[in-house]
Structures are given as C-alpha cells and as structure tokens.
Amino acid sequence: CLLLALCTVLCFAPHAWAAPELIDRIVATVDNQTILWSELNYRLRFEAEQRGLSAFVEPGQLETLRSEILEDMVDEQVLILKAQKDSIQIDPSEVEEMLKQQFLLAKSSMADGDFERMLERVGLSERQLKARYRKEIRHRLLSRQMRAFVAYRVHVNHRDVEVFRL
C-alpha cells in the first residue's frame with residue numbers, strides 16, 4: 001500500500017517540480033491601483049488590430065506602441081482616481097448607449113463573420129468584450145470629464161503669455 005502511494009506520488013511529482021510559469025505581472029502602479037501585463041497586452045492587441053498591424057510587425061515598432069499605450073493607461077488611471085476621489089458620476093445609460101454605438105460601428109465596418117473571427121483571434125466572447133468595453137467607456141468618460149474640469153480651471157491670459165515669452 002505504501003509502495004502504491006509512493007509510485008503515485010512519483011508519477012505526478014514531475015508536474016509539481018516543473019519550473020513556475022509566469023501567469024501575469026504588474027507593469028505599473030498608480031496609487032494602489034495596478035496595471036497588469038495582461039491588461040497592457042489586451043489593449044495592445046486591440047490597438048494593433050485597429051491600426052491594421054499584422055502579427056509580424058517589427059519588434060521595435062511593437063515595443064514603441066506598447067510604451068505609448070502604457071503611458072496612456074497610467075495617465076488615464078491618474079485621472080480616473082482623481083475623478084473617483086472627487087465623486088464624479090457617470091450616467092450608466094450614457095455608457096450603455098456608447099457601448100451600443102461602438103458595437104454597431106465595429107460590426108458595420110467589417111464584412112460578415114470578420115467581427116466573430118476578430119473575437120476568436122483575441123480569445124474573447126462578445127459578452128466578455130462588452131464587459132471590458134463597458135469598463136473602458138466608463139473610465140474614458142471619467143477621464144474626459146476630469147480633463148475638461150482641469151482645462152476649465154486653467155486660464156491663460158495675455159499677461160501670462162507675455163511673461164512666458166520673457
């Protein structure tokens with residue numbers, strides 16, 4: 001009985017001793033909010049898809065795009081945290097309307113079946129994509145409201161321009 005248990009353990013042990021596999025990692029932290037490698041790559045895949053970049057794009061170009069997207073994600077997270085701190089609210093019906101418009105636009109700009117193939121390529125169902133878009137739209141609206149608020153508070157007059165020139 002002990003021999004049988006030992007054989008069973010040894011048969012399955014190589015899987016337990018295998019090298020650890022990296023599932024995800026933190027690429028940036030804003031306040032105590034993290035941006036994960038998987039989130040960055042998700043945005044990168046969609047941005048590359050929207051720009052019509054192939055899977056065989058130059059590695060340098062891909063890294064440049066990844067850096068730009070990460071910088072945008074950090075900026076967006078800062079604005080979102082500020083909006084939440086300031087208790088800025090987003091109307092859920094506005095989010096749903098924008099989601100509906102984006103899906104209609106995406107589907108109408110593609111030939112029959114292309115939308116489903118794109119979803120398959122990125123490994124998402126339509127429901128999963130809508131959930132992610134819903135979150136992104138909400139964050140985009142919060143970010144937009146904060147940018148408008150900051151722009152409204154910043155007033156540059158003629159005197160400021162003259163002082164800057166000196």
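Position 1 is the first residue of the sequence, and the numbers go up from there. Just so we're clear, the structure is a prediction, and the values are computed from it rather than from any experiment.
- The distance from the CG atom of Leu99 to the CZ atom of Arg138 is 14.0 Å, given to the nearest 0.5 Å.
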List, one per line, each side-chain donor-acceptor pair under 3.5 Å for residues 60-72, sequence neighbours excluded.
residue : atom : partner : partner atom : Å
Glu63   : OE1  : Arg66   : NH1          : 3.4
Glu63   : OE2  : Arg66   : NH1          : 2.4
Thr64   : OG1  : Gly60   : O            : 2.9
Arg66   : NE   : Asn41   : OD1          : 3.3
Arg66   : NH2  : Asn41   : OD1          : 2.9
Ser67   : OG   : Glu63   : O            : 3.1

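- Evaluation of the salt bridge (charged side-chain N to carboxylate O under 4.0 Å, His left out) rule for Arg132 yields no partner, not counting sequence neighbours.
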Candidate pair Tyr42 and Arg45, rule side-chain contact (heavy atoms from CB on, under 4.5 Å), full reasoning: CA-CA 5 Å; Tyr42 163 77; Arg45 282 193 311 255; 4.1 Å; yes
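- Using a 4.5 Å cut-off on side-chain heavy atoms (C-beta onward), Leu141 and Met98 make contact.
- In this structure, Glu39 contributes its side chain and Leu36 its backbone to a donor-acceptor pair below 3.5 Å.
- The distance from atom CD of Gln145 to atom CD of Gln89, rounded to the nearest 0.5 Å, is 9.5 Å.
- Taking the side chain as every heavy atom from C-beta outward, Met146 and Val78 never approach each other to under 4.5 Å.
- In terms of the side chain to side chain contact (heavy atoms under 4.5 Å, CB included) criterion, residue partners of Arg117 (sequence neighbours excluded) are, by chain and number, Asp114, Arg121.
- Taking the side chain as every heavy atom from C-beta outward, Glu126 and Lys107 approach each other to under 4.5 Å.
- Rounding to the nearest 0.5 Å places CG of Leu81 at 10.0 Å from CG of Leu142.
- Here the CG-NZ distance, from Leu124 to Lys130, works out to 13.5 Å after rounding to the nearest 0.5 Å.
- For the residue pair Trp37 and Val27, the shortest heavy atom distance occurs at CE3-CG1, 3.5 Å.
- With values rounded to the nearest 0.5 angstrom, Met73 atom CE is found 7.5 Å from Glu76 atom CD.
- Distance check: Ile137 CD1 to His139 NE2 gives 11.5 Å after rounding to the nearest 0.5 Å.
- Between the side chain of Asp91 and the backbone N or O of Ser93, at least one donor-acceptor pair lies under 3.5 Å.
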